[in-house]
Every structure is written in C-alpha cells, then in structure tokens.
Peer 1: 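First the structure, which I've put down as structure tokens, then a few questions once you've had a look.
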Protein chains: 2
Amino acid sequence: MRMGEGVEWALHTCLNLTWVEAGQAVPASRLAAYYELPAAYLNKQLQALARAGLVVSAPGPRGGFQLARPPERVTLMDVVAAIEGEEPAFRCTEIRGRGPAEGGPFPTACVIDRSMRAAELAWRRELASRTLADVKAEVEREAPDAPARFRNWLSRKGA
Amino acid sequence: MRMGEGVEWALHTCLNLTWVEAGQAVPASRLAAYYELPAAYLNKQLQALARAGLVVSAPGPRGGFQLARPPERVTLMDVVAAIEGEEPAFRCTEIRGRGPAEGGPFPTACVIDRSMRAAELAWRRELASRTLADVKAEVEREAPDAPARFRNWLSRKGA
DNA sequence: GCAGAGGTACTCGGATACGCGCTGTCCGAGTAAATTGGG
DNA sequence: CCCAATTTACTCGGACAGCGCGTATCCGAGTACCTCTGC
C-alpha cells in the first residue's frame, strides 16, 4: 500500500500557504521552486486541491493559489482526500459470493470488510483531528524562523 | 491510495484455514477454487504469508498450507503486513531540506511526517487488535453453517 | 494630465507520453504416496 | 505375505509477461497589468 508522493508535496505546500499574508496569491511555480519540485506536476496537485475547495486559484499576473479557508478549518484528512481520492484503500469485492458453494445474498455485510473499514475509520479520524493550524503552531514552536524564512524567500525572489 | 487485491484474498483464505482440522494441509489450488480465484496468483500470496511465518507449507501429495499458529495469535495486521509490506504508506522524503532557503540538518523530525505516522499507527493498532479468532467467532455467530459448508465442500471435492 | 484601446506577459487548466508496480501466468525442483518386483 | 526400490503424480517456489495507475511534461485559453496614443 503506497501513498502518492503528491500528498507530501500538497501538505508542505498548504503549510507554506498558511504563512503568506491574507489575500495574496502565490503561483505554483514559486511554490514548487521552494522545494525544487517539478512545477507542472505540483500544479496538477494544486488543481486537485482547488477542485476540493481547499484552495482558490487566480489566473493572470499576480495570480496563483491561496487557502480558501482559515487553517483551523482545513484538516490533514481534507488534503489527503483531495489528492488520493475519497474511496477507501481496502475495496471489498465480495469474493465470498463468488464460489461454487455459496448461493444467495447474505444477511449481514462482510465481516472482513467491516473490520478493514473500522481500521480505516480510525486512520481517518486521526487525520481529521489534526488541522493545518495545529501543524503550523507546532512547526513555529520548534522552528520559530520558518515563517519568516519562507516569506523572505518569497519577496526576495519577487523583487 | 490503493490496497492490493491480494489482501482480501489472503484474509478470506486465512479465515477458511481456521476451519480445517488441525494438522491437515490444503493446497492453494483448492483454496483458490472455493472463490474462483487464479490459483497461481493466490499461491503467490500464500508464499508471502509463509515467508512471514503465518502459514506453513508442505510440498508433495497431501501437501498444501495450514496456519502456523492458533487463530488467537494471528492479527489482521499480521496478514496485511505480510502481503503489503511493513513500510508505511506515507513516506517522508524530507523535501523541507531540498529547497534553496533551507541549509543544515533539523533539530526535530518533520511535523507532517509525525502526524501521518501517528494516523497510520492508529490504523495499525486497530488492525492489530483484531485477531482471526475474533473474525471467525463473529462469522460463526452470523452464519453458523459457514464452517461446515467449507469443510463439506473440501471433502466432497477430495472424494 | 487623463482616459481608453491595444499589446504583452504571466497564470491556471487540461490533454498528452513515460515508467514502475501490481496483476496474472508458466515451468522446474522436491517430496510423499502408490506401485511393482523380489524375498 | 512383507519389504524395499522405483515410478508416479502432486505440491510449492521462484522466474517470466501484460496492464493500469501514478509520474512527469507540454501547450493552449484566459486574464490582469503595462504601454502607447489621442484628447
């Protein structure tokens, strides 16, 4: 079970977006350059975030992306779901009904499917309980100069 | 994020293996026929379970697979890990250190990585808390004839 | 000096190739059972 | 009738193709800004 690499990019990029002043948009190319990532591919991920309503995009000069909601209202689950999709990792194909021994429909849902869904629900709850604001606060506590470093790099490159 | 289809096969197959009498081995071809699965591919998954020490294999006539431990000692996490691998779904590539702005090593681990690992740990704990015996008991409570149906089909085919 | 039309440069957005891993299949090594021949 | 060597058939185990999704890239549509011209 492998999670797409774009998730890591999206999470770090969203974190960086929490540090730009409100109302200012940052182009995908600038966001990608900060981590030396392929700009076009990061743009693709940002499009997914835009479709999910997590960021808003603006075309043209001075355009780019910015968070659509305050960081307190964006959970890690939102970001992961936007990139990886909403469908669960484990997909029950009902093989129990495929054999020669089994006949009609079943009274209850597949027990294995229920167990796997329960585990995945725990994972989702954990991710949903953590917002971008939480991560932002923790990073600022461990590396207080991180926001200024990003903002300075942003304006330096833009000058 | 997609989980391999072999996980579902392995889980159902392990459940079926809890219903065969102790000491008896069942060939992969027989186990596959019960769900109309590709025999050779299920064999591949069973090999992974054997490498993980969950099942023991015996070659030759009257050979096959059987559980290596009592169902109480086999968790769903064991099966999933045997098929999908031990490495976590989210892999931190430390992109924070790749940019032009960041320089030396970091005092603490990546906050995003920690959050993702915490969520994945919750998922693992949930899966580890559920044993094959639990699933077996629940299935037998909801469909009491399931064990006999499998055992009968097994002996009928073998007759 | 000011307003407006035109040009320009920059952005997102979707359509298009490439590569790796999961899916699926095959054949060979090894073993236990069945068979056959002899004592 | 009993035993042992041989043959046989069946199993796992790893090596070999096919396909789909994630990865990576490019080019076009659209827009805001800047410039130039006329008033």
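Letters go in sequence order (proteins before strands), and every chain restarts at 1. What's counted below: heavy atoms across the whole structure, side chains too, no hydrogens, waters or symmetry copies.
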Peer 1: Let's see if you can work this out: which of D:dC10, D:dC12, D:dT25 has an atom nearest to the side-chain heavy atoms of B:Pro61?
Peer 2: D:dC10
Peer 1: Does B:Gln47 have a side-chain nitrogen or oxygen under 4.0 Å from the phosphate oxygens OP1 or OP2 of D:dC12?
Peer 2: no
Peer 1: For A:Ser29 and A:Met1, find the nucleotide of DNA chain C closest to each by heavy atoms; which residue's nucleotide sits nearer the 5' end?
Peer 2: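 The residue mapped nearer the 5' terminus is A:Ser29.
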Peer 1: Tell me whether the OP1 or OP2 atom of D:dG13 has a side-chain N or O from B:Ser57 closer than 4.0 Å.
Peer 2: yes
Peer 1: Grab the CG-P distance between A:Leu37 and D:dT25 for me, whole Å please.
Peer 2: 11 Å
Peer 1: With heavy atoms under 4.0 Å as the rule, sort B:Ala25 into base, sugar-phosphate or nothing.
Peer 2: nothing
Peer 1: Could you state the OH-P distance from A:Tyr41 to D:dC21, rounded to the nearest angstrom?
Peer 2: 14 Å
Peer 1: B:Glu36 CD to C:dG24 P: how many Å, rounded?
Peer 2: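 Spelled out: CD on B:Glu36 to P on C:dG24 is 14 Å.
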Peer 1: Please check if atom CZ in B:Arg91 has more than 12 non-hydrogen atoms from other residues, nucleotides or ligands closer than 6.0 Å.
Peer 2: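 Enclosed.
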Peer 1: To the side chain of A:Ala50, which of C:dG13, C:dC12, D:dT23 is closest?
Peer 2: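 Nearest to the side chain of A:Ala50 among the choices is C:dG13.
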Peer 1: When the distance from CD of B:Glu8 to C1' of C:dT23 is rounded to whole Å, what number comes out?
Peer 2: 15 Å
Peer 1: Atom CD1 of A:Ile83 to atom P of D:dA24: distance rounded to whole Å?
Peer 2: 14 Å
Peer 1: Report the residue (B:Pro38 or A:Ala40) whose heavy-atom-nearest nucleotide on DNA chain C is the more 5′ of the two.
Peer 2: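 The answer here is A:Ala40.
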Peer 1: From CD of B:Glu5 over to C1' of D:dG20, roughly how many Å is that when rounded to an integer?
Peer 2: 13 Å
Peer 1: Is any side-chain nitrogen or oxygen of A:Arg51 closer than 4.0 Å to OP1 or OP2 of C:dG14?
Peer 2: yes
Peer 1: Nearest of C:dT25, D:dC26, C:dT23 to any side-chain atom of B:Arg2?
Peer 2: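 Nucleotide nearest to B:Arg2's side chain: C:dT23.
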Peer 1: Is the CZ atom of B:Arg151 crowded by more than 12 outside heavy atoms at less than 6.0 Å?
Peer 2: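 Yes.
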Peer 1: Is it true that the NZ or CZ of A:Arg96 lies under 6.0 Å from the centre of A:Phe106's six-membered ring and within 45 degrees of the ring axis?
Peer 2: yes
Peer 1: May I have the distance from B:Phe65 (atom CZ) to D:dG13 (atom C1'), rounded to whole angstrom?
Peer 2: 9 Å
Peer 1: Tell me the interatomic distance from A:Leu49, atom CG, to C:dG13, atom C1', rounded to whole angstroms.
Peer 2: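 In whole Å, C:dG13 C1' lies 14 Å from A:Leu49 CG.
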Peer 1: A quick test of your reading: do over 12 heavy atoms of other residues, nucleotides or ligands sit less than 6.0 Å from CZ of A:Arg62?
Peer 2: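 Result for CZ/A:Arg62: open.
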Peer 1: As a test of reading the structure: which of C:dG24, C:dA15, C:dC26 is closest to the side chain of A:Lys44, going by heavy atoms?
Peer 2: C:dA15
Peer 1: Just compare D:dT23, D:dA24, D:dT11 and give me whichever is closest to any side-chain atom of A:Trp9.
Peer 2: D:dA24
Peer 1: Is it the case that over 12 heavy atoms from other parts of the model lie below 6.0 angstrom from the CZ atom of A:Arg117?
Peer 2: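 No, the 6.0 Å shell around CZ holds no more than 12 heavy atoms from other groups.
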Peer 1: For A:Arg62 and A:Gly4, find the nucleotide of DNA chain D closest to each by heavy atoms; which residue's nucleotide sits nearer the 5' end?
Peer 2: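 The residue mapped nearer the 5' terminus is A:Gly4.
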